[in-house]
Amino acid sequence: MSNSVSLIIIIITIIGIAAGHYPKLRMNRATISLVGACALIVSGAISLEKAYHAIDWNTIVLILSVMIINVNLSLSGFFRLICSGVVRFARTPAQLLAIIIVISGILSALFLNDTVVIMFTPLVLDITLTLKRNPVPYLIGLVTAANIGSTCTITGNPQNMIIGMASHIPFTSFTYYLFPVSLTGLFIAWLIIMMVYRHECSGDNFQVPSSFKIKIYKPLLYKSLVASGLMLVAFICGAPIPLAALAAASILLITRRLKPDRVFREIDWSLLVFFAGLFVVTGAIETAGFSQKIFSVAKPLSEGGIVSFTFVSAVLSNLVSNVPAVLLFRPFVPYFHDPQKIWLSLAMATTLAGNLTLLGSVANLIVAESARRRNINITFLEYLKAGVPVTILTLIAGIIWLSFCK
């Protein structure tokens, strides 16, 4: 098959992944990436053997391991316990928003941001509706903070996992460089949402009710916390990140009480399928020589420094989604003058750019869909009110920091 056929398949696949579906077809991002990968193999754009090699198994293992840990924490009641316990300290709407943002940001740095918003959205809705507050600003605070907080660690989001595996930047170094960006970003998000929703956030004091029912499974909670703690210690000590995460997940699978089926039912297998297919698609892009053409176009735009590279990364991640954007950049980042700083800029830009629109990240869509089920509508334009200024200001803060840090 000619390169033109391969290019058509790649374009159709990437457009489908960016949109999340095809009209009149029941296909999601996972099925689109898998079908696209298969079409490229059948068309001869990439051989089956090269397709196997294109899959980054370190990333797949890391994502699977973190999901197993997150499922155990969720089943133990950890996320609801943390959120409900801390929220009770709030006495004003501004404090409630600040606490939601801080907790969401911290936990998203340690665990996958998508998991955090899945667990916290129902509880934030329960609290705000009970208090007869407008849930929208608090939900926007939750999700923007989840994206911002996830910026500073390799385990915070899928694109950072890919960057961590490809760049070989140590876990502690990655966090050292990007933690100030996340910390500043959380404050910016709180300030912007306070300004956009000043009537809601300047309300009178209130008493948070203590009647929320929290089910805690203590043996699993303690075990999950110990396993997570050991994993973080291993990260800090420089152990291979996928191995450390897999070892922690394996500890949690040794159990007499929790049935394995219950854990595996909660794992997002479609996410793993999505990544496997996407790795093959990007492998075909490299095999067919398209990556060099992309590089020839992107490099002049990016060589202007961190400012121009961040701009290109942010725009591309909003056009094709952040994970495909990272995979498109991955082959030629090592050829830049300072590859470590470029990797960090890529992680910062593709993650923070997810706050730009409601469609910018999976976490945004999870919150919007969960709210819609409770008849709370976060519209595209409503989200833009806070999303645009939060994204622009956090990206500026990130650019300034990475430009001067060594």
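The environment of CZ in Phe187 is sparse: at most 12 heavy-atom neighbours from other residues, nucleotides or ligands sit within 6.0 Å. Around NZ of Lys50, the count of heavy atoms belonging to other residues, nucleotides or ligands within 6.0 Å does not exceed 12. A 6.0 Å sphere centred on CZ of Arg374 holds more than 12 heavy atoms belonging to other residues, nucleotides or ligands. Counting heavy atoms of neighbouring residues, nucleotides and ligands inside a 6.0 Å radius, atom CZ of Phe311 does not exceed 12 of them.
The structure places CD1 of Ile68 at 11.5 Å from OG of Ser224, a figure rounded to the nearest 0.5 Å.
Using a 30° and 60° split on the angle between ring planes, Trp269 and Phe264 fall in the tilted class, from 30° to 60°.
For the side-chain hydrogen bond (donor to acceptor under 3.5 Å, both in side chains) with Asn147, the qualifying choice from Asn157, Asn355, Thr394 is Asn355, the only one to do so. A side chain to side chain contact (heavy atoms under 4.5 Å, CB included) with Pro137 holds for exactly one of Ile140, Asn134, Leu139; it is Asn134.
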Applying side chain to side chain contact (heavy atoms under 4.5 Å, CB included), run through Leu75 and Asn72 and close with a yes or a no.
CA-CA 5 Å; Leu75 293 175; Asn72 279 271; 5.6 Å; no

Walk me through it: do Phe179 and Thr153 pass the test side chain to side chain contact (heavy atoms under 4.5 Å, CB included)?
CA-CA 8 Å; Phe179 175 75; Thr153 64; over 6 Å; no

With side chain to side chain contact (heavy atoms under 4.5 Å, CB included) as the criterion, how do Val263 and Leu258 come out once you've worked through the C-alpha distance, each side chain's angles and the decisive distance to 0.1 Å?
CA-CA 8 Å; Val263 174; Leu258 188 63; 3.6 Å; yes

Using the side chain to side chain contact (heavy atoms under 4.5 Å, CB included) rule, take Leu186 and Val102 through it: C-alpha gap first, then chi angles, then the decisive distance, then the call.
CA-CA 7 Å; Leu186 293 178; Val102 169; 5.6 Å; no

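Put simply, the side chain of Phe111 reaches to within 4.5 Å of the side chain of Ser228, judged on heavy atoms. At a threshold of 4.5 Å between non-hydrogen side-chain atoms, the residues Phe329 and Leu316 count as touching. Put simply, the side chain of Val181 reaches to within 4.5 Å of the side chain of Leu178, judged on heavy atoms.
The main-chain N or O of Asn113 is never found under 3.5 Å from a side-chain atom of Ser150 such that the two would form a donor-acceptor pair. Judged by distance alone, with hydrogens and angles left aside, the side-chain atoms of Thr310 form no donor-acceptor pair with the main-chain N or O of Ala349 at under 3.5 Å. Side-chain N or O atoms of Asn28 include one that pairs as donor or acceptor with a backbone N or O of Thr31 at under 3.5 Å. The closest donor-acceptor contact from the side chain of Thr391 to the backbone of Leu356 lies under 3.5 Å. Using modelled atom types, one side-chain atom of Trp401 and one backbone atom of Tyr177 make a donor-acceptor pair closer than 3.5 Å.
A donor-acceptor pair shorter than 3.5 Å can be found between the side chains of Gln159 and Thr351. Side-chain atoms of Asn377 and Thr379 form no donor-acceptor pair, as typed in the model, at a separation below 3.5 Å. Thr115 and Asn70 share a donor-acceptor pair across their side chains, judged by distance under 3.5 Å alone.
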